[in-house]
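Structure first, then comments.
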Amino acid sequence: MTETGGEPEATARLQKLFEGHRLTPTQRRIAHCMVRRAADAPFLSSVELAELAGVSQPSVTRFAVALGFDGYPALRRHLRDVVPAAEAPGEGSYNEYQQAVHAEIDNLRHLASLLADPAPVARAGRLLAASRPLPVLGLRAAAAQAGGFVYFARKVHPDVRLLDEGGTLLADRIDAAVRAGASALLCFALPRHPREVVEALEYARGAGLTVVTVADSTFAPVAGHTDHLLPAAVGTGLAFDTACAPMLLGRVLLEAMCDALPDAQARLEEFDAKAAARGLFVE
């Protein structure tokens with residue numbers, strides 16, 4: 001598997017093309033598939049795209065029409081005109097491991113461009129800071145992102161609850177957080193997206209929680225069940241996805257939450273003093 005240097009730019013162009021259109025769940029699934037395979041999208045037949053997205057070929061045709069094209073061939077011609085060439089200069093000299101690293105660097109550059117407007121992250125940080133307790137959801141591939149956020153968030157927020165196990169108890173734990181006074185839920189959602197995450201977000205919103213989600217794209221399956229979605233692309237160049245950008249966005253969101261917590265600095269200093277007294281760290 002390889003990742004191309006032009007992928008982040010291709011992804012951005014595709015997302016811009018899809019913005020402003022009211023898409024059905026099936027059409028959002030097709031859009032998400034195309035964003036995930038942005039470099040290949042202009043060269044996929046309607047049958048190939050349908051197979052990749054897990055939908056019918058007529059659904060792909062209806063998707064193209066919903067975007068304002070006469071049919072899928074017209075959409076594909078448009079993509080070939082506007083999406084940059086798949087291979088960047090000099091890319092062929094990199095092996096697949098180097099390509100994966102360069103692709104993640106590009107994902108981080110794209111994230112940096114999105115953060116040029118800090119307002120969405122700042123707004124999300126205030127919502128998370130105000131929620132007492134703060135439940136943080138992350139299942140399967142996203143469990144590590146959720147766990148990392150919670151580890152640091154507990155140093156500045158008085159009550160952060162990790163939801164990293166699915167099953168029938170997940171709804172119970174959301175209910176418990178609501179009863180305790182929670183007003184928001186943070187979710188990390190990465191591919192492949194578990195059905196349980198979509199159902200949990202729907203349940204959380206039904207229980208009155210405002211949902212903030214860090215996801216791999218604005219067309220992820222969780223998008224329709226999220227109040228504030230913050231996108232950060234994953235790398236797909238290796239056998240298993242890499243998630244440098246979602247991890248970094250989680251830390252940025254944590255910083256925004258700290259900015260909204262008036263006693264965050266005092267809590268950090270208190271922790272450092274106790275850690276030093278207990279000799280927790282060797283450095």
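The first residue of the sequence shown is numbered 1, and numbering continues consecutively from there. All values derive from a computational prediction rather than experimental measurement.
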Hey, does the side chain of R29 reach the backbone of A53 with a donor-acceptor pair shorter than 3.5 angstrom?
yes
Check whether E196 reaches the backbone of G167 with its side chain - one donor and one acceptor, N or O, closer than 3.5 Å.
yes
Taking NZ, NE, NH1 and NH2 as the nitrogens, is one of them in E270 or K274 under 4.0 Å from a carboxylate oxygen of the other?
yes
Apply ring pair (Phe, Tyr, Trp, His ring centres under 6.0 Å) to Y203 and list each qualifying residue two or more places apart in sequence or on a separate chain.
none
Short N-O contact, D227 and R123, less than 4.0 angstrom
no
Check whether N95 reaches the backbone of Q98 with its side chain - one donor and one acceptor, N or O, closer than 3.5 Å.
yes
So, does E48 use its side chain to make a donor-acceptor pair with the main chain of S45 at under 3.5 Å?
yes
Tell me which pairs pass ring-ring contact (aromatic ring centres under 6.0 Å, His included) where either residue lies in residues 210-235, with sequence neighbours left out.
F18-F219
Parallel, tilted or perpendicular, as decided by the 30° and 60° cut-offs, for the rings of H78 and F69
tilted
Do NZ/NE/NH1/NH2 and the carboxylate oxygens of R161 and D159 come within less than 4.0 Å?
yes
Counterpart residues, side chain to side chain contact (heavy atoms under 4.5 Å, CB included), relative to P246 (two or more places apart):
L190, V214, A232, V234, A243
Donor-acceptor check, side chain of S131 to backbone of L128, threshold 3.5 angstrom: yes or no?
no
If you round to the nearest 0.5 Å, how far is CG of D106 from CD of Q99?
11.5 Å
